[in-house]
Amino acid sequence: MIRVVLPQHLRTMAKVGYELELEVAAPVTQRSVLDALEARFPVLRGTIRDHVTQQRRPFLRFFACEEDWSLESPDAPLPEAVVSGKEPFYIIGAIAGG
Amino acid sequence: MSKVRVLVGTRKGAFILTADGKREKWEVNGPLFAGWEMYHLKGSPADPNRIYASQTSGWFGQVIQRSNDGGKTWDAPGGGVTAVPGQMPKGESNKFVYDTSPSGKPLTTHQWYDGTQHPWEFKRVWHLEPSYTDPDMVYAGVEDAALFRSTDGAHSWQELPGLRGHGTGPKWQPGAGGMCLHTVILDKKDPKRIYIAISAAGAFRSDDGGKSWKPINQGLRSQYIPDPKAEIGHCVHHVAMNPSRPNVLFMQKHWDVMRSDDAGDNWKEISGNLPTDFGFVIDVHAHEPETIYVVPIKSDSEHYPPEGKLRVYRSRSGGNEWEALTKGLPQSNCYVNVLRDAMAVDSLDKCGIYFGTTGGQVYASADAGDSWAPIVRDLPAVLSVEVQTLP
């Protein structure tokens with residue numbers, strides 16, 4: 001199972017706690033994790049990446065194993081620690097604005 | 001006894017204020033959607049328990065929420081948890097995609113601040129306007145300016161592309177608040193007639209249910225654009241109509257208060273003795289179609305009331321002759337603004353008038369504006385106010 005941590009507002013929308021678990025078919029990438037997340041929680045479609053372009057929204061970042069994955073290819077394999085469930089995949093709201 | 005339900009959108013959540021027909025004691029519920037910008041909430045005239053809400057965020061984009069029980073519970077239509085992993089959602093209530101089909105006469109660019117052409121980019125829903133007859137039909141005015149419609153209770157949205165495609169789109173440009181379609185007015189007597197207004201493009205009318213559109217800006221004069229009498233480019237802030245007289249429109253423009261007696265074909269200025277004719281809101285009394293309300297704001301660079309006095313101005317003669325309504329409103333050191341969708345009227349007798357400020361106050365008058373009292377004083381900045389009159 002893949003562990004995912006959402007920002008607080010998206011947890012409220014999806015009605016989940018701090019962390020959730022997803023079944024994601026291999027290969028486990030940012031794209032496959034987000035596809036699985038949006039399929040499980042349709043309310044999140046469009047909130048993390050654009051409906052049409054599938055681009056990450058500008059004020060969100062992706063982290064895994066203390067590394068910033070935001071600018072990596074969405075199809076790059078995520079670290080083994082994420083695949084094995086040892087580490088979560090973090091979706092973080094940027095500290096911006098007022 | 002009748003009741004009123006006031007729907008308030010703020011920068012950091014929504015609030016629902018309720019009272020009986022006396023409108024003296026208020027119950028305040030909220031914040032709903034805490035932390036989100038709630039641009040607009042509006043109830044369906046066909047089913048008052050059906051309320052639509054525009055929930056938006058610079059981080060997470062646009063979400064549309066819907067209540068079927070008068071605001072007690074909410075959900076994003078079609079956006080609930082899917083029972084089976086991998087199953088695709090049935091609806092996408094937050095998906096606003098501009099029409100690019102060949103039949104949609106798609107426009108790809110509008111005028112940018114520097115005069116160059118700029119691509120259309122969806123940002124948020126400013127205004128939701130439910131149908132008079134069908135609770136599942138609702139229109140959405142969006143930024144960058146376009147009109148969308150849902151016929152399935154906000155599960156899915158389709159653009160009415162005739163508006164952007166009718167020909168003047170390349171001349172539209174953003175106002176200071178963005179290029180927003182902020183006003184949608186339906187004609188109760190003629191379901192095929194729709195009015196909309198865009199900042200900064202002007203007002204437009206459709207007589208065929210939104211398929212085709214024409215600019216209705218004849219008579220507007222805007223000194224801040226190269227041709228003050230141009231067909232397009234006016235910064236219309238809001239338009240209001242009494243449903244019993246759908247051919248008579250009132251407009252608060254960037255500067256100037258205007259009226260039209262022929263469904264927008266021609267406008268004339270009715271600013272009269274107002275202390276300033278800059279402002280954002282305008283509304284019409286529910287039972288007296290020649291009684292109108294505005295809140296004058298000092299100027300386009302000083303968005304607060306003149307002299308620090310919060311005054312609603314009322315005209316009982318359809319404009320030109322205005323009286324200041326001050327009883328119960330702060331008359332010193334008041335420097336709030338009242339944004340374009342932040343005034344509403346109920347249909348009780350006497351007519352109730354409501355408005356919200358950027359300082360977080362929501363004021364109500366249960367006597368058509370003669371006197372005012374705050375319902376609440378310390379909300380986040382108020383973006384919109386709507387009211388439902390309930391049996």
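In what follows, every chain begins at residue 1, and chains take the letters A, B, ... in the order their sequences are listed. When reading the values below, keep in mind they use all heavy atoms of this one structure, side chains included, and skip hydrogens, waters and symmetry mates.
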Asker: Take a 6.0 Å sphere around CD of B:Gln117 and say whether it holds more than 12 heavy atoms from other residues, nucleotides or ligands.
Answerer: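 For B:Gln117, atom CD is crowded (more than 12 foreign heavy atoms under 6.0 Å).
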Asker: Report which part of A:Pro7 has an atom under 4.5 Å of a heavy atom belonging to chain B: side chain, backbone, both, or neither.
Answerer: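 For A:Pro7, the contact with chain B is made by the side chain alone.
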Asker: Taking all heavy atoms of B:Ala76 and all of A:Val43, pick out the closest pair and write down the distance.
Answerer: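 Of all heavy-atom pairs spanning B:Ala76 and A:Val43, the closest is CB-CG2, 3.6 Å.
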Asker: Does A:His9 reach the side chain of B:Phe60, with side-chain heavy atoms less than 4.5 Å apart?
Answerer: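 Contact flag for A:His9/B:Phe60 side chains = yes.
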Asker: Report, one line per pair, each donor and acceptor closer than 3.5 Å where one atom sits in a side chain of residues 77-86 of chain A; sequence neighbours left out.
Answerer:
{"from": "A:Ser84", "atom 1": "OG", "to": "A:Glu80", "atom 2": "O", "distance (Å)": "3.1"}
{"from": "A:Ser84", "atom 1": "OG", "to": "A:Ala81", "atom 2": "O", "distance (Å)": "3.2"}
{"from": "A:Ser84", "atom 1": "OG", "to": "A:Lys86", "atom 2": "N", "distance (Å)": "3.4"}

Asker: Nearest 0.5 Å, what's the CZ-CG distance between B:Phe122 and A:Asp50?
Answerer: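 That separation rounds to 10.0 Å.
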Asker: Check side chain to side chain donor-acceptor pair (under 3.5 Å) between B:Ser57 and all other residues, then give those that pass, not counting sequence neighbours.
Answerer: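 For B:Ser57 there are no side chain to side chain donor-acceptor pair (under 3.5 Å) partners, ignoring immediate neighbours.
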